[in-house]
Novice: 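For reference, the structure I am asking about is given below.
Side-chain atoms are counted along with the backbone in the values below, which use heavy atoms only and exclude waters and symmetry mates. All chains are named by letter (A, B, ...) in the order of the sequence lines, taking the proteins before the strands, and each is independently numbered beginning at 1.
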There are 2 protein chains.
Amino acid sequence: MPRREVATVGEVTPTPTIKTVAEAAGVSPASVSRALNGNPTIAPEIVERVMRAADAVGYRPNGIARSLRTRTTKVIALLIPDIGNPFFTAVARGVTDAAEAEGYTVLLCNTDEDPEKERRHLAVAEQARVAGVVLSPQGRDTDISRLRQSRIPVVVIDRPLREKTDAIVVPSFVGARDATRHLIEQGWSRPACITGPASADTARARLRGYRAAIREHDGMPEIVAHADFRQDGAMLAARELLARADPPDAFFVANAPMALGTLAALAERGLRVGSDVGFVSFDDAPWAPYMTPPISVVAQPAHPLGERSARLLLESLRAPVERRPRRITLSPTLIVRAISHRPRRG
Amino acid sequence: MPRREVATVGEVTPTPTIKTVAEAAGVSPASVSRALNGNPTIAPEIVERVMRAADAVGYRPNGIARSLRTRTTKVIALLIPDIGNPFFTAVARGVTDAAEAEGYTVLLCNTDEDPEKERRHLAVAEQARVAGVVLSPQGRDTDISRLRQSRIPVVVIDRPLREKTDAIVVPSFVGARDATRHLIEQGWSRPACITGPASADTARARLRGYRAAIREHDGMPEIVAHADFRQDGAMLAARELLARADPPDAFFVANAPMALGTLAALAERGLRVGSDVGFVSFDDAPWAPYMTPPISVVAQPAHPLGERSARLLLESLRAPVERRPRRITLSPTLIVRAISHRPRRG
DNA sequence: TTGTACGCGTTATCAG
DNA sequence: CTGATAACGCGTACAA
């Protein structure tokens with residue numbers, strides 16, 4: 001039985017390649033490649049013919065093959081603890097915006113403050129030969145030597161690495177100290193600090209900032225709880241603090257999800273924020289201004305941070321030689337809203 | 001001048017390939033490949049030697065080359081309107097969780113309800129030869145025929161497509177109707193609806209649900225505004241509604257960012273939610289329970305939706321033949337919190 | 001200006 | 001069980 005000449009129903013049509021187009025246009029694959037890539041050394045008439053043919057056969061360039069050949073990728077990896085944290089959501093949005101503006105796409109990886117997950121994601125990024133990595137590292141000693149070896153540029157954000165790298169950071173210490181000072185100025189006498197896991201640099205820095213402010217006042221107690229940077233963990237921590245013999249009368253909370261958890265614990269006890277207790281948190285979540293009363297925060301420029309980190313990364317891609325690491329510092333802003341003011345009482 | 005035999009400082013070390021490992025281990029590239037991929041038809045002793053050599057030379061498999069050869073990728077694309085919308089943040093988290101559990105990574109794309117951006121992202125996904133796409137389409141007529149041609153499976157979420165595809169949806173109509181009914185039951189007599197752009201299916205469905213509830217009551221006016229599913233747009237819309245001669249006395253808002261915008265507009269006017277006006281919104285944002293008073297919402301199971309969509313996608317990857325499209329429906333839940341209750345007055 | 005031929009790093013096939 | 005060898009689809013020196 002002779003081979004059928006026509007495609008049978010259900011038979012797979014091979015996806016068109018540059019070769020398919022070449023045949024359809026009656027030119028060589030090389031010319032197709034040139035036409036498609038806007039190579040100047042090619043007759044406009046051929047370009048036209050190739051375009052038409054490509055369209056006709058429904059050709060799509062194979063990015064994989066191109067990447068293999070050119071040894072480049074239009075992908076950058078973004079490693080953050082948790083996309084659910086509004087700070088990192090905004091960062092991610094900034095990164096994708098800047099990346100897309102340059103024709104790159106973003107591989108999203110949640111590390112969950114887990115060194116093992118982080119390691120795995122870094123390995124994946126390396127094997128995928130991503131053009132670069134924007135990394136919010138789990139700790140100061142995250143190992144990025146493999147990336148270096150593979151000459152994949154890295155921009156570290158939010159938390160610095162012990163190693164010297166491109167980095168964009170927001171000084172947490174200052175923000176935390178100012179926030180705590182603000183609480184004290186408002187008349188609260190027992191501010192507590194709910195911070196993140198000690199492994200996280202930002203958690204430690206925010207704690208140090210809190211401590212610095214407390215120590216400016218003789219006899220003022222340090223009331224500290226470490227949670228996991230997440231809502232539920234902070235709720236438990238806040239509960240525990242509130243159950244103590246002499247509970248805090250104000251809270252400085254180290255990020256937005258934990259702020260919600262703390263607010264939940266306060267609500268359980270029937271404590272009204274702003275009148276019964278003072279409150280400031282890190283990160284200006286979208287909802288912060290709309291709480292009643294609006295809550296005061298230390299705002300980080302999250303979206304710009306994401307944008308700039310992506311741009312810095314793409315710059316370093318274009319850099320012909322190894323530059324020395326750039327460290328950029330963006331400032332946090334204390335935004336005072338109604339909540340942290342202590343009402344005068346009789 | 002003879003070629004230097006040793007590497008000069010600053011000279012680039014070529015990244016080790018399977019061939020490098022082969023030489024170091026004294027075997028053929030084929031054996032290295034077999035050893036690395038756990039191919040059973042290879043002597044354990046060779047495996048050992050290869051592993052050692054790979055480690056010694058610092059070998060990392062080149063995913064690009066592998067993908068070219070195997071014609072597969074461990075990447076899925078996620079196209080959503082906006083990662084900043086907490087609903088999609090949760091979806092994204094669900095998708096990444098499920099994907100990573102199977103060794104896949106996620107390409108994140110924001111479409112911003114923009115058909116052109118969506119088209120571009122779909123093209124990128126196709127060229128990247130992603131294993132599959134999870135898509136929250138901009139409209140009912142988003143063209144995914146190219147994906148089909150390339151045999152890239154698609155799971156549509158949140159909003160159905162006119163075309164028959166795998167889909168996971170949450171019936172917006174029912175949720176919206178129930179929410180509006182609830183407002184009316186609570187005694188509000190002029191509930192307004194602030195919904196999204198008419199291009200979005202969910203926006204229209206939520207509006208229809210609102211209308212259905214309103215029409216159950218003779219003489220009750222339909223008060224409708226279309227915004228852009230974003231905070232600022234909703235604020236403007238709400239302002240406009242409130243400035244009317246006979247303003248609404250309650251709001252059904254079609255998503256979480258717009259809920260914040262609406263709350264802002266209410267705050268401007270000094271209107272207290274829960275006592276002066278009624279309020280229900282779509283999507284149970286993390287902050288919803290912690291507003292004072294806590295606001296009622298129509299909750300969508302966002303994280304599970306993301307998880308299941310990714311799993312459905314990966315299943316269809318494994319399916320040997322074309323299955324007929326599966327349509328999964330997850331139910332929304334009206335969560336009644338303090339805010340929507342109308343206080344009795346004198 | 002165009003075409004031919006090679007190689008990017010893998011894996012799969014096919015002999016041995 | 002192992003090793004040559006041929007693709008995968010593309011870009012680009014090199015030759016014509």
Novice: Does B:Ile42 reach a base, just sugar-phosphate, or nothing at all? Heavy atoms under 4.0 Å.
Specialist: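 Sugar-phosphate contact only - B:Ile42 comes under 4.0 Å of backbone atoms but never of a base.
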
Novice: Whole angstroms only, please: what is the CG-P distance between B:Asn39 and D:dC1?
Specialist: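 So the two atoms are 10 Å apart, to the nearest Å.
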
Novice: Going 5' to 3' along DNA chain C, which nucleotides are the first and last within contact of chain A (any atom under 4.0 Å from a heavy atom)?
Specialist: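 First and last nucleotides in contact are C:dT1 to C:dG9.
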
Novice: Could you tell me whether a side-chain N or O of A:Ser28 sits under 3.5 Å from a main-chain N or O of A:Ser31, the two making a donor and an acceptor?
Specialist: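 Yes; at least one donor-acceptor contact below 3.5 Å.
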
Novice: State, yes or no, whether a side-chain contact exists between A:Arg66 and A:Asn37 at a heavy-atom distance under 4.5 Å.
Specialist: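 They are in side-chain contact.
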
Novice: Do the side chain of A:Thr17 and the main chain of A:Lys19 share a donor and acceptor less than 3.5 angstrom apart?
Specialist: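 Confirmed, A:Thr17 side chain pairs with A:Lys19 backbone.
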
Novice: Here's a test of your reading of the structure: between B:Ala65 and B:Pro44, which maps to the more 5' nucleotide of DNA chain D?
Specialist: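 Looking at the nearest nucleotide for each, B:Pro44 comes out on the 5' side.
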
Novice: Has A:Arg159 got a side-chain atom pairing as donor or acceptor with A:Pro137's backbone, closer than 3.5 angstrom?
Specialist: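 Side chain of A:Arg159 to backbone of A:Pro137: a pair is present.
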
Novice: Salt bridge (Lys or Arg N to Asp or Glu O under 4.0 Å) with B:Asp166: which of B:Arg323, B:Arg326, B:Arg327?
Specialist: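 Running salt bridge (Lys or Arg N to Asp or Glu O under 4.0 Å) over B:Arg323, B:Arg326, B:Arg327 with B:Asp166 returns exactly one hit, B:Arg323.
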
Novice: Just the rounded figure in Å: distance from C1' of D:dC10 to NZ of A:Lys19.
Specialist: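 In whole Å, D:dC10 C1' lies 12 Å from A:Lys19 NZ.
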
Novice: Within the distance-only criterion (no hydrogens, no angle test), does the side chain of B:His121 pair as donor or acceptor with the backbone N or O of B:Asn110 below 3.5 angstrom?
Specialist: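 Checked: pair present.
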
Novice: Applying a 4.0 Å non-hydrogen cut-off, can you work out what B:Arg60 is touching in the nucleic acid: base, sugar-phosphate, or nothing?
Specialist: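 Here B:Arg60 touches the backbone only, sparing every base.
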
Novice: May I have the distance from B:Glu45 (atom CD) to D:dT2 (atom C1'), rounded to whole angstrom?
Specialist: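 Going from B:Glu45 (CD) to D:dT2 (C1'), I get 12 Å.
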
Novice: Expressed as a whole number of angstroms, how long is the span from B:Arg129:CZ to D:dC10:C1'?
Specialist: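 Going from B:Arg129 (CZ) to D:dC10 (C1'), I get 11 Å.
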
Novice: Take atom CD1 of A:Ile64 and atom C1' of D:dG11, then tell me their distance rounded to the nearest Å.
Specialist: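 In whole Å, D:dG11 C1' lies 16 Å from A:Ile64 CD1.
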
Novice: Does A:Arg66 make a side-chain N or O approach to OP1 or OP2 of D:dG11 shorter than 4.0 Å?
Specialist: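 Yes, such a contact exists.
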
Novice: Roughly how many Å is it from CG in A:Asn62 to P in D:dA7, rounded to a whole number?
Specialist: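 Interatomic distance, CG of A:Asn62 to P of D:dA7: 18 Å.
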
Novice: For a side chain to side chain donor-acceptor pair (under 3.5 Å) check, start with the C-alpha distance between A:Glu126 and A:Ser150, then their side-chain angles and the critical distance, and finish with the verdict.
Specialist: CA-CA 7 Å; A:Glu126 188 190 354; A:Ser150 304; 2.8 Å; yes

Novice: Contacts to DNA chain D from residues 26-38 of chain B, heavy-atom cutoff under 4.0 Å, which residues?
Specialist: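 Correct list: B:Val27, B:Ser28, B:Ala30, B:Ser31, B:Arg34.
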
Novice: Would you check if the side chain of A:Asp112 reaches a backbone N or O of A:Asp114 as a donor-acceptor pair within less than 3.5 Å?
Specialist: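 Not confirmed, A:Asp112 side chain does not pair with A:Asp114 backbone.
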
Novice: Can you find a side-chain donor-acceptor pair between A:Thr142 and A:Glu118 that sits under 3.5 Å?
Specialist: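 Per modelled atom types, A:Thr142 and A:Glu118 side chains form a pair under 3.5 Å.
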
Novice: Which part of the nucleic acid does A:Thr17 contact within heavy-atom distance under 4.0 Å: base, sugar-phosphate only, or nothing?
Specialist: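 Sugar-phosphate contact only - A:Thr17 comes under 4.0 Å of backbone atoms but never of a base.
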
